[in-house]
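Take a look at the structure set out below.
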Amino acid sequence: MTISGVALLAICTLIGVLLGDLLGVVLGVKANVGGVGIAMMFLIAARLWLLGHGLLSHGLKTGVEFWGSFYIPIVVAMAAQQNVVAAAKGGPIVVIAGIGAVAVCFAQVALISRLSGRVETMDEIEAREVIEANVPHFKSGRIG
């Protein structure tokens, strides 16, 4: 049943919010720190565990996928509730952490890009397809 997927999401959300609140207390922040993200990680882990054990029914899968599609709007709504101005006034560590997180993400993208090797660009793919379409013997290595 689809309601099972909603129940699984609710359980993961409650656990995630609880852990986010506890993380906020540990860090000395009067806010939930990453509760929705933690909940979504629990939901992904639960889905993979159920799939691995053959317990992921069609209804459960449908409910999880339905609510999983709302992930981005939920995160945006929760982020809108956070008082960013008050956090920034709390000290420069917030700004430093934000800049550091963005820098680490940029570095990771560059690293992954370099490690993945050479990848054809869309222009190169389109040019190759045009050549293959116009030259019938191009694939065999013989032109003409």
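Note that the structure is a prediction, hence the values are computed from the model and not measured. This chain uses plain numbering: 1 for the first residue, then up along the sequence.
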Sorted by chain and residue number, the side chain to side chain contact (heavy atoms under 4.5 Å, CB included) partners of Leu18 (sequence neighbours excluded) come out as Leu22
Taking the side chain as every heavy atom from C-beta outward, state whether Leu9 and Met40 have any atom pair closer than 4.5 Å. yes
Inter-residue atom distance Cys12.SG - Met41.CE, 0.5 Å rounding: 11.5 Å
Would you name the heavy atoms of Leu23 and Val33 that are closest together and state the gap between them? CD2-O, 3.6 Å
Working to the nearest 0.5 Å, report the span between CD1 of Ile38 and OG1 of Thr13. 11.5 Å
Let's go through Glu126 and Asp123 carefully: what are the C-alpha distance in whole Å and the side-chain angles of both, what is the deciding distance for side chain to side chain contact (heavy atoms under 4.5 Å, CB included) to 0.1 Å, and is it a yes or a no? CA-CA 5 Å; Glu126 289 173 355; Asp123 290 336; 4.2 Å; yes
Same cluster or not: are Val25 and Val17 linked, directly or through other Ile, Leu, Val, Met, Phe, Trp or Tyr residues, by side-chain heavy atoms under 4.5 angstrom apart? no
Interatomic spacing from CG in Leu50 to CZ in Arg47 - rounded to 0.5 Å: 9.5 Å
Decide whether Leu55 and Leu43 are clustered together by the hydrophobic rule: side chain heavy atoms of Ile, Leu, Val, Met, Phe, Trp, Tyr closer than 4.5 Å, transitively. yes
Trace of the side chain to side chain contact (heavy atoms under 4.5 Å, CB included) decision for Gln108 with Leu111: CA-CA 5 Å; Gln108 291 297 319; Leu111 179 66; 4.2 Å; yes
Of all pairs that satisfy ring pair (Phe, Tyr, Trp, His ring centres under 6.0 Å), the ones with a partner from residues 105-128, not counting sequence neighbours: none
Pairwise ring pair (Phe, Tyr, Trp, His ring centres under 6.0 Å) hits with a residue in residues 24-50, at least two apart: Trp49-His53
